[in-house]
Structures are given as structure tokens and as C-alpha cells.
K.L.:
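Structure incoming, see below.
Convention: sequence-line order gives letters A, B, ...; per-chain numbering from 1. Note that the structure is predicted; figures quoted are calculated from it, not measured.
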Number of protein chains: 2
Amino acid sequence: MSRSHTDVSDQVGDLSEAFEKEACPLAEVLDHVAGKWSIAVLVAAARGPVRFTELERTIEGISRRMLTVTLRRLERDGLLVRTVYPTVPPKVEYTLTDMARRLHGTLLALTEWAQRHRGDIAAARARYDAANAR
Amino acid sequence: MSRSHTDVSDQVGDLSEAFEKEACPLAEVLDHVAGKWSIAVLVAAARGPVRFTELERTIEGISRRMLTVTLRRLERDGLLVRTVYPTVPPKVEYTLTDMARRLHGTLLALTEWAQRHRGDIAAARARYDAANAR
DNA sequence: CTGGATCCGAGACGATACTG
DNA sequence: CAGTATCGTCTCGGATCCAG
């Protein structure tokens with residue numbers, strides 16, 4: 001967002017190079033951040049500190065295990081901060097880091113796009129499958 | 001991008017609801033579109049019609065098989081158009097659909113973010129692992 | 001309440017060999 | 001050139017049970 005988006009081809013060139021780097025860390029990072037559950041968790045956690053069970057109910061479809069795994073990975077990558085309150089019963093809150101907050105707008109755009117084109121995608125898929133069947 | 005992003009909380013509410021829908025198609029769509037290789041292919045194909053081998057060289061790290069699978073999935077979802085020229089040797093070109101082009105800016109922002117924070121993420125990861133080791 | 005531990009099936013992924 | 005087919009490996013992800 002720091003650069004003007006008037007000419008896109010330059011950036012595409014840069015990105016191609018970035019993807020070319022051996023060990024492809026760019027693709028790896030994207031895989032973590034843009035994963036199915038990661039996006040859901042990141043978006044849900046953007047409203048402020050969220051608790052484990054709160055996330056579990058909000059995301060609906062995620063299993064306990066995958067929520068745990070996703071949270072650990074995001075914490076490891078420095079996108080979430082995990083705060084434990086040593087009370088009874090225990091209470092744990094997850095908060096986005098600044099780095100993650102800088103990503104929030106993009107994630108929002110991504111989910112918005114997905115919502116808007118959900119129907120088109122389903123239609124395209126049906127068309128493709130029909131053409132493949134005969 | 002169409003709406004102003006001054007007040008984010010409203011959209012977060014919408015998205016939470018979207019994620020709650022049973023069968024969670026939103027997460028599924030995102031999983032296809034935002035997958036590790038999908039992003040790479042989509043970004044690479046944004047420069048215009050691209051050929052199979054061109055993609056294979058550009059992305060570097062992707063296997064023949066995964067490139068094929070990714071291309072098929074993106075075509076099935078209506079994000080890519082596959083054009084076959086019945087020449088010898090055969091020539092196949094992949095082009096983004098309008099729907100995919102509308103996603104391009106977001107994908108660019110995503111990869112830009114990943115590039116910018118690649119170091120931070122590696123550092124956070126090292127810190128986390130060090131804390132976990134002892 | 002917030003997880004960890006384990007098992008297990010399904011799909012992701014890579015390597016290799018073959019084809020129109 | 002642009003794939004397909006097959007195989008073996010690895011990870012994802014759900015189910016279940018256990019624990020601080």
C-alpha cells in the first residue's frame with residue numbers, strides 16, 4: 001500500500017522473483033496466513049481479545065483440534081498473542097499483533113470477494129462438472 | 001474495495017455470520033483461492049495469457065503434478081480460462097477471468113505483506129521455538 | 001474452561017515414467 | 001509442449017479420551 005498501484009506490471013515482476021527464491025518462504029508464509037482456518041481465526045480475533053470457546057462457537061465447523069493447532073501456529077508466527085489468566089476456571093485471551101492488524105484489511109477484502117463470488121464459483125463448478133460428465 | 005473502510009466492526013459482524021453458515025462454503029472458497037499454489041498461479045497469470053511451461057519455470061518449487069491440479073481446480077472454479085491451440089506442438093494458454101482479475105489487487109496486497117513481514121515471522125518463530133526448547 | 005494425546009482415514013504432495 | 005498415470009510419503013483434520 002506504500003507504493004502507488006498505477007502500474008501493476010512492475011510489482012508482478014517483483015513478486016515473480018520473490019516466488020522464485022529457493023525454499024520459497026513466500027509461499028510458505030502465505031500458506032500459513034491464508035489457510036482456511038487461519039483466515040477465519042484472524043478475522044474473528046480482529047474484534048478484540050477473544051477467548052477459546054468464543055472462537056469455537058463463532059467459527060462453527062472448526063474442530064477443537066484444528067482451532068488449537070491454528071492458534072498455536074499463528075502464535076508461533078507472531079500473529080497472535082496468547083494471554084493466560086491463572087484463575088479458576090482458566091481464562092485465555094488471544095489478541096492480534098500489530099503485524100496481523102496490518103493484514104486485516106486485506107483479509108477482509110479477500111472474504112468480501114469470496115462472499116460476492118460464491119454463487120459464480122458454484123455455477124462455474126457445476127458447468128465444469130456437467131461438461132466433464134458426458 | 002467498494003465500501004469505505006472507516007468502520008470495520010460492521011463488516012466483521014457480516015463476516016462472522018458468513019463463516020457461521022453451515023457447510024461453511026466461505027472457508028471452502030477461500031481454501032481454494034488462497035491456497036499456497038493458487039496464489040502463485042493467479043499472480044503469475046495476471047501478466048496476461050501464460051503457457052504451462054512458462055508457469056512451471058516461473059513458480060519454481062511447484063511440481064508438474066501440482067501445477068496441473070491447481071490449474072484444473074482454478075479452471076473448475078471459473079477463475080482461469082484454458083485455451084487450447086490445436087497446433088504442433090500443442091499450445092495451451094491460461095487467462096484470468098474477470099472474477100479472478102477482481103481478486104488480483106487483494107492477492108498482490110497479500111503477497112506484499114508476506115514479503116514485508118517475512119523476517120518478522122522468521123524471528124517470531126525462532127523466539128517461540130527457543131522458548132519451547134527449554 | 002482450555003487445552004493435550006492418540007488413532008486413523010482422506011487428501012496433499014513429490015518423483016518418476018509414459019503419451020498425443 | 002502439455003499433460004496423464006501410478007506410487008509412496010507426509011500432513012491435514014476429525015473423533016475420542018484425558019488433564020490441569
Side-chain angles (χ1 to χ4, degrees), chain A residues 19 22-25 27-41 44-45 49-77 80-95 128 132, chain B residues 19 22-41 44-45 49-77 80-95 128 131-132:
Chain A
F19 272 116
E22 71 260 29
C24 235
E28 192 194 335
V29 167
L30 287 175
D31 203 31
H32 282 186
V33 163
K36 179 170 49 170
W37 299 128
S38 302
I39 296 179
V41 168
V50 245
R51 302 184 56 178
F52 187 89
T53 314
E54 206 176 338
L55 287 169
E56 196 178 4
R57 274 172 311 176
T58 304
I59 297 179
E60 186 148 349
I62 195 170
S63 66
R64 234 206 228 1
R65 184 183 129 86
M66 283 320 294
L67 181 53
T68 302
V69 171
T70 304
L71 286 171
R72 284 291 166 283
R73 189 154 58 188
L74 291 176
E75 187 196 355
R76 188 169 106 104
D77 287 353
L80 283 182
V81 174
R82 181 170 176 262
T83 313
V84 184
Y85 298 91
T87 60
V88 178
K91 177 180 172 184
V92 180
E93 279 184 351
Y94 294 91
T95 317
Y128 183 94
N132 199 321
Chain B
F19 271 114
E22 70 264 25
C24 235
L26 218 179
E28 193 194 334
V29 167
L30 287 175
D31 204 31
H32 282 186
V33 163
K36 179 169 50 171
W37 299 126
S38 303
I39 296 180
V41 168
V50 246
R51 302 183 58 174
F52 188 88
T53 312
E54 208 175 336
L55 287 170
E56 196 178 5
R57 274 172 312 174
T58 303
I59 297 181
E60 186 148 349
I62 195 171
S63 65
R64 226 193 213 49
R65 186 184 126 83
M66 283 319 295
L67 180 54
T68 303
V69 171
T70 304
L71 287 170
R72 285 290 169 282
R73 188 154 57 188
L74 291 175
E75 186 195 357
R76 188 169 105 104
D77 287 353
L80 284 181
V81 174
R82 179 169 176 265
T83 312
V84 183
Y85 298 91
T87 61
V88 178
K91 177 180 171 183
V92 180
E93 278 184 350
Y94 294 91
T95 318
Y128 183 93
N132 199 321

K.L.:
Would you call B:Y94 and B:V81 a side-chain contact if the rule is heavy atoms closer than 4.5 Å?
P.N.:
no
K.L.:
Could you work out, with side-chain hydrogen bond (donor to acceptor under 3.5 Å, both in side chains) as the rule, every residue matching B:D77, not counting sequence neighbours?
P.N.:
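Applying side-chain hydrogen bond (donor to acceptor under 3.5 Å, both in side chains) to B:D77 gives A:R125, B:H32.
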K.L.:
So which pairs with a foot in residues 80-89 of chain A pass salt bridge (Lys or Arg N to Asp or Glu O under 4.0 Å), sequence neighbours left out?
P.N.:
none
K.L.:
Suppose we screen for salt bridge (charged side-chain N to carboxylate O under 4.0 Å, His left out). Which residues come up paired with B:R64, at least two apart in sequence or across chains?
P.N.:
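Expected list: B:E56.
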K.L.:
How would nucleotides 10-16 of chain C be written as a contact map, 5' to 3', with B for base contact, S for sugar-phosphate-only contact and - for no contact, using protein heavy atoms under 4.0 Å?
P.N.:
--SBBB-
K.L.:
Partners of B:P49 by side-chain contact (heavy atoms from CB on, under 4.5 Å), sequence neighbours excluded?
P.N.:
B:E93, B:T95
K.L.:
Would you list the pairs meeting side chain to side chain donor-acceptor pair (under 3.5 Å) in which at least one residue belongs to residues 65-75 of chain A, sequence neighbours left out?
P.N.:
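Sorted result for residues 65-75 of chain A: empty, none.
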K.L.:
May I ask you to say what A:Y85 touches in the nucleic acid, namely base, sugar-phosphate or nothing, with a heavy-atom cut-off under 4.0 Å?
P.N.:
nothing
K.L.:
Could you list where the contact with chain A starts and ends along DNA chain D, reading 5' to 3', using a 4.0 Å heavy-atom cut-off?
P.N.:
D:dC12 to D:dG20
K.L.:
Could you state the OH-P distance from A:Y94 to C:dC1, rounded to the nearest angstrom?
P.N.:
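One finds 14 Å between P of C:dC1 and OH of A:Y94, rounded.
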K.L.:
Can you check whether A:L67 reaches A:F52 side chain to side chain, under 4.5 Å on heavy atoms?
P.N.:
yes
K.L.:
If you round to the nearest 0.5 Å, how far is CG of A:D31 from OG of B:S38?
P.N.:
10.0 Å
K.L.:
Calculate the interatomic distance between A:R82 atom CZ and C:dC1 atom P; express it in whole Å.
P.N.:
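After rounding, the gap between these two atoms is 16 Å.
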